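Contents: one structure, followed by commentary.
Every chain is numbered from 1, with letters handed out A, B, ... down the list of sequences. These figures come from a predicted structure and were not determined experimentally.
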There are 2 protein chains.
Amino acid sequence: MARKSRRELAQLDGTTELPLTVREVALAAGVSPITVSRALHRPSLVSAATREHVLAVVKELGYVPNLLAGSLASSKSRLVAILLPTIANSIYATVVQAIMDRLTEAGYQALIGPTGYSPEKEEELLEAILGRRPDGIVLTGTLHTPASRARLAALNIPVVEAWDLSAEALDMQVGFSHEQVGVALAEHFVARGYRRFGVISVDDPRAMRRNLALQARLVALGIPELPMEVLPLPATWEVGRIGLARLLERPEPPELVLCSSDTLALGVVAEASSRGLRIPAQLAVVGFGDTTNGRFATPALSTVSVNADAMGQRVAQALLDRLAGEQTAVSLDTGFALIERQSS
Amino acid sequence: MARKSRRELAQLDGTTELPLTVREVALAAGVSPITVSRALHRPSLVSAATREHVLAVVKELGYVPNLLAGSLASSKSRLVAILLPTIANSIYATVVQAIMDRLTEAGYQALIGPTGYSPEKEEELLEAILGRRPDGIVLTGTLHTPASRARLAALNIPVVEAWDLSAEALDMQVGFSHEQVGVALAEHFVARGYRRFGVISVDDPRAMRRNLALQARLVALGIPELPMEVLPLPATWEVGRIGLARLLERPEPPELVLCSSDTLALGVVAEASSRGLRIPAQLAVVGFGDTTNGRFATPALSTVSVNADAMGQRVAQALLDRLAGEQTAVSLDTGFALIERQSS
DNA sequence: CTGTTAGCGCATTCAA
DNA sequence: TTGAATGCGCTAACAG
């Protein structure tokens with residue numbers, strides 16, 4: 001007697017309810033399996049009558065196609081991997097949210113991998129995720145291990161590096177120059193008459209690029225001193241409070257504090273508030289990120305707006321365009337805007 | 001002549017580099033495919049010598065096993081679906097981050113689906129995601145469409161409802177009672193002597209449950225009036241600012257403002273600061289969430305801490321335990337804590 | 001427009 | 001400890 005298939009074995013078991021397959025749906029609908037498949041995924045290839053009938057049966061039976069099998073057969077997974085430092089940071093979360101919204105709309109799903117700002121962890125996650133054969137990959141930043149770069153180069157699937165621009169794109173890049181942010185901040189606020197700057201930052205590679213560019217530019221503009229508090233991740237509101245406390249302990253307290261994120265800036269405002277410091281009269285505060293699309297800046301706060309939402313949409317679009325077979329630009333500068341507080 | 005397989009066709013094409021398969025690795029290593037598979041996934045079944053040799057070949061060739069095929073064959077996807085309102089809200093993001101960290105550690109990957117607080121959208125996403133045959137599912141809250149409930153009931157895979165507790169668990173629940181939060185807030189602050197309360201909230205179902213419980217309890221305690229500003233999502237810092245502005249326009253400005261999230265509370269602080277209001281002397285502010293693990297409350301702010309990190313870990317653990325075949329508790333109350341500001 | 005055939009790449013089952 | 005056979009559920013290719 002023939003060996004029993006696993007499905008048959010499971011049936012005998014009785015307790016376990018097995019998911020339906022195309023075959024069973026086809027049987028119920030009186031068509032072949034492929035017709036069911038087509039009715040679901042390529043409706044134009046099926047006559048209206050059969051299509052409707054098949055779809056009715058599908059609905060009635062509650063059939064959910066097995067995408068693992070489908071992906072295997074078609075070598076299209078409709079899966080996009082997104083690797084980012086952490087989701088628990090609004091600046092990244094906003095971009096991911098935008099990417100996912102756009103992808104979901106287009107019928108893709110997102111596999112998220114949190115790298116914790118570490119290229120090694122990124123490499124590890126990449127290995128694990130590539131096994132799912134994603135149709136596209138989104139990475140954060142331009143810093144990747146040689147192994148990661150090699151893998152991706154050999155792979156021939158669309159890759160977007162978000163958040164940053166560099167000379168050596170893996171494939172596509174969507175972001176802006178963090179150096180330019182630093183330079184712009186320096187020039188703008190020096191022109192406004194500020195001389196005593198202070199920085200409160202977490203130890204994120206991109207934030208540090210901004211900080212160093214700022215510092216260099218300030219030196220060039222005749223301001224040699226830049227007190228900088230670099231605190232460990234994660235970037236919470238608390239970091240801003242501590243940072244300000246430390247800056248104020250220094251001999252020359254700053255007139256202007258530049259923060260590596262809006263979250264930190266809010267902490268600074270809270271701390272300043274509990275110390276009775278008026279903002280911006282006694283202390284100007286500048287954030288970074290502006291995930292609320294221009295609504296972050298207020299009479300009390302300035303910020304650098306990176307329009308995370310737009311960046312996310314463009315990342316998704318770049319991927320989708322490429323998946324649709326279009327040629328797409330290698331590098332897309334989404335820019336940033338310095339949104340200044342109203343004068344008080 | 002025999003019809004060509006798709007793989008053969010792709011080879012002819014020339015341009016496309018196909019991913020390696022077990023077969024090719026086996027060939028290179030001089031063993032059978034199944035030995036390669038075992039060396040990778042069940043090393044104890046292979047002799048040390050062959051194992052090392054095979055793994056060396058795998059590494060050298062850069063072989064990445066196709067998990068789509070593996071999952072199909074083994075009916076284990078090592079995928080967990082997480083459906084949540086939005087990732088762009090630190091309170092949810094923190095929980096997801098914790099869940100993912102724990103899952104990644106255990107070799108699982110997370111499929112994220114943003115439902116935008118809508119049960120209908122949740123249902124839709126569920127349908128789409130079930131096709132990937134996830135080994136487990138995490139839902140947010142206890143409000144699901146009948147169709148979703150039916151699907152999940154028929155499915156026989158572990159489900160965790162996070163963030164809330166209810167009488168009708170789908171499977172497992174990990175969360176706390178939002179009604180209790182409202183009651184606790186009312187009792188605590190009335191006992192502290194506050195009489196003029198105000199609420200600033202977004203229109204999130206769980207937040208509204210807290211608000212209504214608060215209101216009911218206040219009425220019972222002899223405080224009939226509760227000015228409440230319910231603003232549309234998303235819960236940004238800006239919402240807090242606007243909310244406070246509106247509350248202050250009312251005839252009797254509050255002494256105490258309860259916010260539906262810490263983000264809103266920060267907005268309130270910023271707005272109060274720019275109006276010269278001292279916190280908490282002139283205005284007490286209470287947040288909700290405390291994603292920074294007890295570091296959110298400060299001299300200026302109180303908050304309700306839900307320990308999102310712990311909740312996430314428990315959600316993941318409940319899932320992993322069940323996947324490991326253990327019986328697990330149906331309902332786990334992770335509680336909350338009211339962290340009050342220092343007296344000023 | 002519909003059906004038949006033949007895999008996709010892997011892991012389970014059984015046999016050696 | 002290793003291997004051969006088989007099928008997981010679906011869709012691409014081809015034929016009618």
Side-chain angles (χ1 to χ4, degrees), chain A residues 1-11 16 18-27 29-54 58 63-78 130-133, chain B residues 1-13 16 18-27 29-54 58 63-78 130-133:
Chain A
M1 180 174 145
R3 217 152 70 189
K4 285 192 171 46
S5 80
R6 275 165 277 170
R7 244 195 122 76
E8 287 171 309
L9 286 173
Q11 296 282 8
T16 21
L18 284 167
L20 294 171
T21 71
V22 256
R23 186 142 69 209
E24 297 164 276
V25 176
L27 222 61
V31 297
S32 75
I34 188 67
T35 300
V36 174
S37 169
R38 289 204 268 245
L40 286 168
H41 306 301
R42 323 192 51 185
S44 63
L45 297 184
V46 176
S47 77
T50 20
R51 187 191 331 153
E52 276 169 38
H53 175 226
V54 168
V58 162
Y63 167 63
V64 179
N66 185 329
L67 294 182
L68 297 173
S71 299
L72 180 59
S74 66
S75 21
K76 266 176 238 150
S77 64
R78 303 220 130 224
L130 287 180
R132 310 260 177 210
R133 300 295 186 263
Chain B
M1 176 174 145
R3 215 153 72 190
K4 286 194 171 44
S5 80
R6 274 166 277 169
R7 241 195 124 76
E8 287 171 309
L9 284 174
Q11 297 281 9
L12 292 179
D13 178 347
T16 20
L18 284 167
L20 293 171
T21 70
V22 257
R23 185 141 71 211
E24 296 163 275
V25 175
L27 222 62
V31 297
S32 75
I34 187 61
T35 300
V36 174
S37 169
R38 289 204 268 246
L40 286 167
H41 305 302
R42 322 192 55 183
S44 63
L45 297 184
V46 175
S47 75
T50 18
R51 187 192 334 156
E52 277 170 37
H53 177 226
V54 168
V58 163
Y63 167 63
V64 179
N66 185 328
L67 294 181
L68 297 173
S71 299
L72 180 60
S74 66
S75 16
K76 267 175 237 150
S77 64
R78 304 222 128 223
L130 286 180
R132 310 261 179 209
R133 300 293 187 261

Q: Starting at CG of A/N66, measure out to CG of B/L130 and round the result to the nearest 0.5 Å.
A: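 So the CG of A/N66 and the CG of B/L130 are separated by 11.0 Å.
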Q: First locate atom CG of B/L27, then atom OG of B/S32, and finally report the distance between them rounded to the nearest 0.5 Å.
A: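 With rounding to 0.5 Å, CG (B/L27) is 11.0 Å from OG (B/S32).
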Q) Closest nucleotide of DNA chain D for B/V31 versus for A/K76: which of these residues is on the 5' side? A)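 This one resolves to B/V31.
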Q. From the list D/dT11, C/dG3, C/dA11, which nucleotide is the closest neighbour of the side chain of A/S37?
A.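 The closest nucleotide is D/dT11.
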Q: Return the nearest nucleotide to the side chain of B/I34; candidates are C/dA11, D/dG9, C/dC10.
A: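 Side chain of B/I34 sits closest to C/dA11.
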Q) So what is the end-to-end bend of the helix from C/dC1-D/dG16 to C/dA16-D/dT1, with 5 pairs used at each end and the value given to 10 degrees? A)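 Both end axes considered, the difference amounts to 20°.
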**Q.** Contact residues, residues 39-52 of chain B to DNA chain C [heavy atom, < 4.0 Å]
**A.**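 DNA chain C contact set from residues 39-52 of chain B: B/H41, B/R42.
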Q: Tell me, with the steps shown, if A/V31 and A/V54 meet side-chain contact (heavy atoms from CB on, under 4.5 Å).
A: CA-CA 8 Å; A/V31 297; A/V54 168; 4.1 Å; yes
OP1 or OP2 of [N] less than 4.0 angstrom from a side-chain nitrogen or oxygen of [X], does that happen here?
X     : N      : result
B/Y63 : C/dG9  : no
A/S32 : C/dT2  : no
B/S74 : C/dA11 : no

Q: I would like to know whether B/R133 and A/V64 meet side-chain contact (heavy atoms from CB on, under 4.5 Å); could you show each step before the answer?
A: CA-CA 9 Å; B/R133 300 293 187 261; A/V64 179; 3.8 Å; yes
Q. Which part of the nucleic acid, if any, lies within contact of B/P65, taking any heavy atom under 4.0 Å across all strands shown: a base, the sugar-phosphate backbone alone, or nothing?
A.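 The answer is sugar-phosphate, as B/P65 gets under 4.0 Å only of primed atoms, P, OP1 or OP2.
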Heavy-atom closest contact ([X] atom, [Y] atom, distance):
X     : Y     : answer
B/Y63 : B/V22 : OH-CG1, 3.4 Å
B/L68 : A/S77 : CD1-CB, 4.4 Å
B/A26 : B/P33 : CB-N, 3.5 Å

Q. Got B/R132 and A/R78 here, is their nearest side-chain heavy-atom distance under 4.5 Å?
A.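 Yes, close enough: below the 4.5 Å cut-off.
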When the distance from [atom1] of [X] to [atom2] of [N] is rounded to whole Å, what number comes out?
X      : N      : atom1 : atom2 : result
A/R133 : C/dG9  : CZ    : P     : 9 Å
B/R23  : D/dA4  : CZ    : C1'   : 13 Å
B/L72  : C/dC8  : CG    : P     : 13 Å
B/N66  : D/dC10 : CG    : C1'   : 14 Å
A/L68  : C/dC10 : CG    : C1'   : 12 Å
B/R38  : C/dA11 : CZ    : C1'   : 9 Å

Please output the side-chain donor-acceptor pairs of residues 38-50 of chain A that fall under 3.5 Å, not counting sequence neighbours, one pair per line with the distance.
residue: A/S47; atom: OG; partner: A/T50; partner atom: N; Å: 3.4
residue: A/S47; atom: OG; partner: A/T50; partner atom: OG1; Å: 2.4
residue: A/T50; atom: OG1; partner: A/S47; partner atom: O; Å: 3.1

